[in-house]
Every structure is written in structure tokens, then in C-alpha cells.
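Residue numbers begin at 1 in each chain, while the letters A, B, ... track the order of the sequences. As a basis for the values below, the full set of heavy atoms in this structure was taken, side chains included, without hydrogen atoms, waters or symmetry mates.
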Amino acid sequence: MSVVPLDVSTLNPRQSEAVLHPGGPLMIVAGAGSGKTKVITTRIARLINEGCPPYRILAVTFTNKAAKEMRERIEHLVGDRAKDIWMGTFHSVCARLLRMDGAAIGIDRNFVVYDDGDQLTLVRDLLKAKGMDDKSLQPRGVLAEISRAKEKLMGPEKYSENASGFFERAVASIYKDYQARLNAANALDFDDLLFKSVRLLEQADAVREKLQEKFLHVLVDEYQDVNFSQYRLADLIAAKHRNLTVVGDDDQSIYGWRGADVGLMMRFSIDHPDATLITLDQNYRSTERILNAAHAVVRHNRSRNDKQLWTDKGAGALISIGEVGTENEEAIVVVNTIQREVRTGRRNYGDFSVLYRTNAQSRAVEEAFLTRSVPHILLGGQRFYDRKEIKDMIAYLRLVWNPLDEVSLRRIINVPARAIGPGAITKIEEHANKNAISLLRAMQDSAFQQEFNKKTQSGLKGLTALIEDAQMMVAAEVPVTKILREIMQRSGYLDELRADRTEEAQSRLENLQELVNVTAQFDARQEEDKSLGAFLEGVALISDIDGLKDDADGVKLMTLHSSKGLEFPVVFLLGLEEGVFPHSRALGSDSELEEERRLCYVGMTRAQEELYLTYARRRSQYGQANFNARSRFIDDIPREYIDQMVGTTMETPPINRTGMRLEQMRTGEYAITDTTSAEKPKPSWTPPFNVGQKVTHKKFGIGIVVACNPVKGDAEVTVAFPGAVGIKKLMQSFAKLEAV
DNA sequence: CAGCAATCTCTTTTT
DNA sequence: GAGATTGCTG
């Protein structure tokens, strides 16, 4: 394989400084579009060219897709040697470490990874079993708390010691049992992958020394989105050679809700006083106007080190802003704009992307795209592996691989229906507990099987025999596809779907066929490990952004979060409304509002040449009409950068957030043809409060109005209160809210 | 126990 | 508005 000689002449001085940095801790603050991937890949190539063996380099990225791209780019520079670099997400790297050396802290190498659906099922189960099915203990909330504890490297015991108050005590008790259930099931959740890896390095001296010796260079991308356990892990692995390179941008920190802590970026320089700091502030992606507008938005954040990017791309086009009536009109404006540009030959479909705050917003756009035949690629929303039928099949496979996996067993024990109902399950549980055996073992006990009625007996026998046969196939190293086919057939899953002649069943069958294609591809891989375990791990750690092909000629639809790291010639940013973006959940908290603002910055800086921002006066949320004021982010953009979008109305001067008048609902000079929804005349109704206004409630105190809606002669006011109270929907006649 | 209808609830973002 | 969950009937 021919190797291109390393060429640093195309790099700017700061970039080449980062590439050539000899060793020791290095922090690269890389603004949006500043060529950071180029810097990382060139740096790694340089290290390899200078004699560092590829397998002694560890590079951690945020998504598998980023890792794959990076590997390919390095391959161009150094050839096949790139294959041996340890490269992947924190989670995939950890899974690999734990399979390799986890035994040192008692982790079975065949562990399965529980995704958040599995986690949720488990927590729900525990809550029910403990009779704690209270409103105050929502499974999601409990799980988030456990996750936060794990991110801070707090095990159940440590958490329990520090727990105070009703909620924390309850969580402490669930956390303990939750972890016990994971252990019993030979399963790790996402957070465990990190947590246990840190424990492995801390507690197993031999393993730590081996790994610290092994990795000469450690590089971490997207460092602003690292949580404490990830921070600790990177530090531990790099402790010996101290060649730790971290790359991040504090303005693009958007995963605070997942435990990421930008503060750790500051801490890096404290923990590594000798660290070199390099800032990349030349942007190679966007025009001046886009850059300046994005900066104008993010500049409002108080906790932020100011950094203004510059570009030599020139001013570029104005930023288009459009006010529309509803989300359907919004979608139509997008379609019209795209089709006009494509028709005139100025753009291809692949040049466009449509970004939004929440997945639910994609629907209106997708519908419009479908009816108007706009080719598009939707990512996110329901992931392929989150579909019911896929999860069911994966559950079968996981159970076959790991017979202790209780969550999976419970999922499919009666799917398709085989006469094992709630009563039978309770009986099986009791038998399992009494004899200290797993649920599956209990079901296999033929003497015990006699205690059930005929139908249930044959159900039990059928399922256990199927699992046993499949296990033998695994032992015989039969390809995954064949095992999957056997299960789909013999479980009766296929027959049940085929008998159901609905469109839904049809689509489920197609999805299952797609799953078979996935396993077939897996079986055909050239790589080493083709075991069922390896397949299942890939499934657990994959995200759908990983599969995005950027060169496909279709409009890309995704959430703002998914768009991080990507770029597009033209970007539409939808739903710039208070309560949508910024999201209603963020309105009550300054730090969350700052994160929303950064998210807006991320979205805007995805655009290379053109940026469109839209907001709707009326939007259906939770199947109900809401009148949201337009987003504060729009008002942060200097007027001289703004152009009104063709085909929309826009109030001039801008309506302020406190004034929202229904008479603004005129269609404007450009008629918008909305074929999807017939516009109904609006009731003449004046909301008692304006969105964003502060109000006080007798019991809850001061809160911020998120939305007002008419409800037959009364007003339903949604208010965000700080702290544990959260979002409340209140009837004005009853709650007697008062403006502050 | 299975199947269906009514009811309820929750929707931020994802490895 | 969709999904999951609960409740009722066969």
C-alpha cells in the first residue's frame, strides 16, 4: 500500500504546532470547523511515522462513525498500519478492555450490555417488587440518579452512606438491588462499562501497569463532553507516559444532561500544570455572517471564556429567518425552498440538512417530504434496534448467549403467546428463589413443569428446548444468521406476523428481514471474532449516526445533538420558539439555558453557506395546540445579518417575547399552500400570561410560564417551577397565578 | 390465559 | 398523538 508522505504545509501554524507537539499533556481548544479532525489524524499519522507502534495509540471519539472516519483518514496517511490503532468510543474501548482483562475484578468475559430500555425495565420491576410504585419515584428519575452516581464513581454502598432525604434513600435501596440484579444476570449497563474499567485500573495492579505501559499516546476527542468517570479513565491510562492529548470546545458542550461536565476541561490544566494549550480559532467551514451570528447567540452565556472565530471565506449570504403559522407550514416552506434550489440546479438534495430540537419535530417535515417526493435520510427517532420486533429477537439471542440474562428472558418468555402468563411467571420465580437457581433453570426443571396445565407445560417445553438447541448451535459455531432464522421460525414469531395481514405486521416482517441482512453481513466479515457475543456487543453500542452516509443525495434530517461534528452547505434550523428551543424543561434553569444556547451555536455553525431559521406561531405539542413566542436566540442575532425568508411572514420590528397577538395570524403576501391541514379560524382568546413571564403560585412559589392554552372558558397555564417541583399544568381559575 | 378496548402518561437531547 | 399499561370479557 502506497503511503502519502506526511505534509504539514497545508496546516496553519497553530495546527502544525498541535501536530508536532512532542509529548506531555496537550490541550487543543478547537473551535467549530477549525480543522480539528485533520489535526488529530495528522498527529496520529506523525506518531506512527516516527515509530510509535499503532497498537500503542489509544484514540477515543464520541461516536463510532467519527472513529471510523478518523481511521480511514489515517489510513490514507500511513496505510494498513492504521488498522491496529485502538480507536473507538469510550464505551466500546471499555467493553474491549473488560473482555480482555475484566476477570481481574471478577467480570465474566461473556457479559452482555444492557441498554437504557433494559435498565428501565429492571428499575420498573424493582420498584414494583418493593411496592414503591409511587408517583414521586419515577423509574426514569431513579435511573438518572443511579447513572449520575455511577458517573461520579459511587457504588451502591458509597451512595447509600451519603444518601439523605426520601428520594435519595429510596434510590439507594433500589441502586443496591439494581446492581445485584445486573451482577446476577452477568450484565453491565452503559455506565458500568466506564465505572468498571476505572475500577479495573485502580484495583488490579498488574492490569493497570500493563495498560499504562502499553499506551504510549492517548488522545481524547470531544473532551468538553466528558464526564468524571471518562476523565478519570483517560488520566489513569495515560498516567505513565503522560502523553495525553485532549481536544474540545467549551462552546460546544451539549451533553450536560448526560453527566458531561465542561468544568473538567478547566480541571485538566489544574491537574496537568505543565500542559501545553493550543487554541484553533480559524474556521474553515462557514461564512462570516454565519459565524458572527452564532457567536452573537453564544456570547450571552455568563460562564464562558470568550473566543471569537474568524474566517477568510467572506461575508456570505444573509441569514434567512421565517415566521410561519404552524409546523406544517414550516415543513412546506422548507420543501419549497429546497425544491426551488434543486430545480434551478444550484443545489443537490444532499446539500441540505434539517435540524430540530426534538425528534418529534421530524414528523411534519417527513410527511411533507414524502408527499412532495423529496429524497431524504432521517436519523434518530426510533432507532432500528429499538423496534419491538428487533428487540424481541435480540432478547432471544442474548438469552441464548447468556442464560442468566433475566431481563431478556422476561421480555420473550411469553412472546409469542405460549400460555405462560403472570400467574405462571410468579410460580417460576418462587421455584427459582426457593432453589437458588436462575429463572431459565427453573423452567427447565421437568418435575416442576408437571405443576402447570397442559398448555403452559408445552409452552415451557417449547421455549426451553428452543433455547437449548440454539445454545448447541452457538457451541458448534454455527453462523449467527442461521441461529436467528431458527429462532424466528421455531418460536412462532414469523408465523404470528404472517397470519396478521395488517400493514404494521408487514413492516415488522420487513424489519426482521433487515435484521437477517445485518447478521448475514456480520457473518461475512473478514475479522476475527464472529461469535454471537461479538455480534450482540456491536448491537448494544451502535448508534444510528454511525450509519449515516454523508455523500448520499438526500436531505438529512436529525436532531441538533446528532448534528455535532457534521457540516452541510445549507442548514435549516426549525422550531425557534420559546418552550421548543430553548426547550421548556430548560427555561427554569440558567445552566440549562446556557446549554440550550450552546446547542444553538452548534446548530448554526453546521452551516457552510446558508442558514435558515424558522419559528411557528402555533405548534402542536403532545397533540395539542400551543402558542409559543419566538425564541430568544433569534433576537440575539444582529438585525443586519437577517433577511426575511421568501414565502413567510415576519413581524417587523420583531415581536418581543412578551407580546403574542393572535391578529398576527395573517397569511401574508406569499400564499402558503398547506395541503396537510386545513386552517381553522382561531378563537379570539387572550392568554392571561405571556410565555416567559414570571408568575407566583401560593404553594409552588415563583415560576416561569411555558405555555398558555384555552380550555373551555378557562386557561390552562403551564409553568416551570425551580427544583423538584418542575413543570406544572395549572388551571388559572383554580391556581390563581399572579404576575410578578 | 388471550385479546381487545379504554385509559393513562409522557416525550430533550444519546453512548 | 403515540406508546405502553391496565381492565374487562370470552
Could you check whether [X] gets within reach of a base, just the sugar-phosphate, or nothing at all, counting any heavy atom under 4.0 Å?
{"X": "A:R598", "value": "nothing"}
{"X": "A:Y255", "value": "sugar-phosphate"}
{"X": "A:A417", "value": "sugar-phosphate"}
{"X": "A:A424", "value": "sugar-phosphate"}

Next item on the list: Check A:L201, A:V60, A:L200, A:V218 against A:L233 for a side-chain contact (heavy atoms from CB on, under 4.5 Å) and give me the one that passes.
Entry: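 When side-chain contact (heavy atoms from CB on, under 4.5 Å) is applied between A:L233 and each of A:L201, A:V60, A:L200, A:V218, only A:L201 qualifies.
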To the nearest Å, how far apart are [X] [atom1] and [N] [atom2]?
{"X": "A:D115", "N": "B:dT15", "atom1": "CG", "atom2": "P", "result": "12 Å"}
{"X": "A:R124", "N": "B:dC8", "atom1": "CZ", "atom2": "P", "result": "18 Å"}
{"X": "A:D221", "N": "B:dT15", "atom1": "CG", "atom2": "C1'", "result": "14 Å"}
{"X": "A:L355", "N": "B:dT13", "atom1": "CG", "atom2": "P", "result": "14 Å"}
{"X": "A:D191", "N": "B:dT14", "atom1": "CG", "atom2": "P", "result": "16 Å"}
{"X": "A:Q224", "N": "B:dT15", "atom1": "CD", "atom2": "P", "result": "15 Å"}
{"X": "A:E366", "N": "C:dG1", "atom1": "CD", "atom2": "C1'", "result": "16 Å"}
{"X": "A:L379", "N": "B:dT13", "atom1": "CG", "atom2": "C1'", "result": "13 Å"}

Any side-chain donor near an acceptor of the partner, [X] and [Y], under 3.5 Å:
{"X": "A:Q224", "Y": "A:E222", "result": "yes"}
{"X": "A:T326", "Y": "A:E329", "result": "no"}
{"X": "A:E69", "Y": "A:T37", "result": "no"}

Check: Which residue lies toward the 5' end of DNA chain B, A:D116 or A:R418, if each is placed at its nearest nucleotide?
Finding: A:R418
Check: Of A:L599 and A:E496, whose closest DNA chain B nucleotide lies nearer the 5' terminus?
Finding: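 Nearest-nucleotide comparison on DNA chain B picks A:E496.
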Item checked: Aromatic-base stack, A:W257 on B:dT13, cutoff 5.5 Å, angle under 30 -> yes
Checklist line | A:H300/A:F633 under ring pair (Phe, Tyr, Trp, His ring centres under 6.0 Å): CA gap, chis, key distance, verdict | finding: CA-CA 10 Å; A:H300 283 76; A:F633 302 150; 9.0 Å; no
Please determine whether a side-chain nitrogen or oxygen atom of [X] lies at a distance below 4.0 Å from atom OP1 or OP2 of [N].
{"X": "A:S562", "N": "B:dT14", "result": "yes"}
{"X": "A:R140", "N": "B:dT9", "result": "no"}
{"X": "A:N414", "N": "B:dA2", "result": "yes"}
{"X": "A:T559", "N": "B:dT14", "result": "yes"}

Nearest of [options] to any side-chain atom of [X]?
{"X": "A:H91", "options": "B:dT15, C:dT5, C:dG1", "result": "B:dT15"}
{"X": "A:T358", "options": "B:dT15, B:dT13, B:dA2", "result": "B:dT13"}
{"X": "A:N359", "options": "B:dC1, B:dT13, C:dA2", "result": "B:dT13"}
{"X": "A:A419", "options": "B:dC1, C:dT5, B:dT15", "result": "B:dC1"}
{"X": "A:H561", "options": "B:dT14, C:dA2, B:dT15", "result": "B:dT14"}

Notebook entry, point to check: Relative to the ring of A:F190, is the ring of A:H91 parallel (under 30°), tilted (30 to 60°) or perpendicular (over 60°)?
Noted result: perpendicular
